[in-house]
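Labels below follow one simple rule: chain letters A, B, ... track the order of the sequence lines, proteins then strands, and each chain is numbered from 1. Computed from a prediction, not measured in an experiment: that's the story for all the values here. Computed over heavy atoms, backbone and side chain alike; hydrogens, waters and symmetry mates excluded.
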Number of protein chains: 2
Amino acid sequence: MKTLSYALLSLLARQDFSGYEIKQLMQAPIGFFWRARHSQIYPELARLEELGYVTHEVVEQQNVPDKKVYTLTAAGREQLRQWVSEPSEAAVIRDEFLLKTFSLWLADPAAAIAVVEDQARQHVEQLRVYEGIKQHIETEGAGEFMQPSSAYFASYITLMQGISYEQQYINWCRMIVEQLEALAD
Amino acid sequence: MKTLSYALLSLLARQDFSGYEIKQLMQAPIGFFWRARHSQIYPELARLEELGYVTHEVVEQQNVPDKKVYTLTAAGREQLRQWVSEPSEAAVIRDEFLLKTFSLWLADPAAAIAVVEDQARQHVEQLRVYEGIKQHIETEGAGEFMQPSSAYFASYITLMQGISYEQQYINWCRMIVEQLEALAD
DNA sequence: AGATTCTATGTCAATGGTGACATAGGTAAT
DNA sequence: ATTACCTATGTCACCATTGACATAGAATCT
């Protein structure tokens, strides 16, 4: 089973969703650490149904087209639980900007400062998004997000990594800008 | 031009290398933020040569097979310089372990602690590797790694991000373990 | 009236990346 | 002797992922 399958099961473990709804979630909460397009999601949901990990029923809607709402089966839940309990290889970083900093000595200092500041700006934006979601979890999942068996707890710690990562990235960018400004004189 | 091309040019901007040598570098220094197998590297070097960004000459060796040593051309260097000077989209995180923490509420606390500790261990190992390289740069590139136009400077700041990232990841793992241990009682 | 956007589901060609297969001479260990 | 590994370069089938194409009804804007 590939990782995408587990990304889908992870969402369905919390709530029933249609493919379209999952597509939208894969751009925001889960999409922060695993992305997928609808062209991957729809066939994968069909495959998970063949394997017996999910079922679906068609739900009619007013004014918008019908949707297929998927539900996790007991087998799917067990599959997910086992996967979560197994250790993972540490992820390989794949960051085009870090590749650029490796060749930053070739750029003239003004251009170098500009690209680093641009990158910092993007990570500041992302941090703001995460902090908005954090507020949301702390409010909606109050009294639950501290219990390890609660989905809010899992959302919370995952989000904390996102926040911590962005803060670290921003600090690093600022350090580079400072050094470039100081040393360019 | 794809990112892999620039990864190869980034290395050749510093020194001439054969495909085999690049293959080994793509598992260590550059490989920390952009990896590639030799099955990608060899055809890509050929393609870069067709485009006029690199040239090669065959170097005979004693006891081991001949090698093709690639050299960056002026056009290749200019292409790289331009790419470095352009802003990049912030990288999308793609971390299987973060996907697991999102479903960590399904695992029993003992299994949860085990997988987080395993992940921390891997990042501690990676941090040690980075710190060894840091020592190396500070020694070999002393008096150079503080100048923005030096390749040592670029290596240094890129490495600092690696170190900072690993420290942050380890701290986060430890925070989760603490919470799991405290709340499991 | 026409254009655009949103919901909703799907397919498919092309690209990027992995893992296996292939070759070949030298070294080192059992 | 045989196995295994290292240098060195290459190809190829497969899998994952992307981007474009496709359809279709309703709402909204110009």
Check: Between C:dT11 atom P and A:E44 atom CD, what is the distance in whole Å?
Finding: 13 Å
Next item on the list: Sequence neighbours left out, what passes salt bridge (charged side-chain N to carboxylate O under 4.0 Å, His left out) with B:R47? Give chain and number order.
Entry: B:E44
Notebook entry, point to check: Taking the six-membered ring where the residue is Trp, are the ring centres of B:Y165 and A:Y169 under 6.0 Å apart?
Noted result: no
Next item on the list: Check whether the side chains of B:S103 and A:S10 place a donor and an acceptor atom closer than 3.5 Å, and report yes or no.
Entry: yes
Note to self: Can you list everything that forms a salt bridge (charged side-chain N to carboxylate O under 4.0 Å, His left out) with A:E131? Sequence neighbours excluded, please.
What the structure shows: none
Notebook entry, point to check: Can you check the A:E60 CD to C:dA8 C1' distance for me, whole Å?
Noted result: 14 Å
Notebook entry, point to check: How does each nucleotide of nucleotides 8-13 of chain D score, in 5' to 3' order, for protein heavy atoms under 4.0 Å: base (B), sugar-phosphate only (S), or none (-)?
Noted result: BBBBB-
Next item on the list: Could you state the atom-to-atom distance from CD1 of B:I41 to P of C:dG19 in whole Å?
Entry: 14 Å
Notebook entry, point to check: Hey, do the aromatic rings of A:F145 and A:Y156 have their centres closer than 6.0 Å?
Noted result: yes
Checklist line | Atom-to-atom span, CZ of A:F17 to P of C:dA8 - whole angstrom | finding: 13 Å
Check: CZ of B:R35 versus P of D:dA16: gap in Å, rounded?
Finding: 20 Å
Notebook entry, point to check: Just how far, in rounded Å, is P of C:dT11 from CZ of A:R37?
Noted result: 19 Å
Next item on the list: Ignoring backbone atoms, establish whether B:N63 has a side-chain N or O less than 4.0 Å from OP1 or OP2 of C:dT27.
Entry: yes
Check: Of the options B:R121, B:Q122, B:H123, which is the one that meets B:E125 in a side chain to side chain donor-acceptor pair (under 3.5 Å)?
Finding: B:R121
Notebook entry, point to check: Roughly, in whole Å, what's the span from CD1 in A:I22 to C1' in C:dT7?
Noted result: 16 Å
Note to self: How many whole angstroms separate atom CE of A:M1 from atom C1' of D:dC15?
What the structure shows: 16 Å
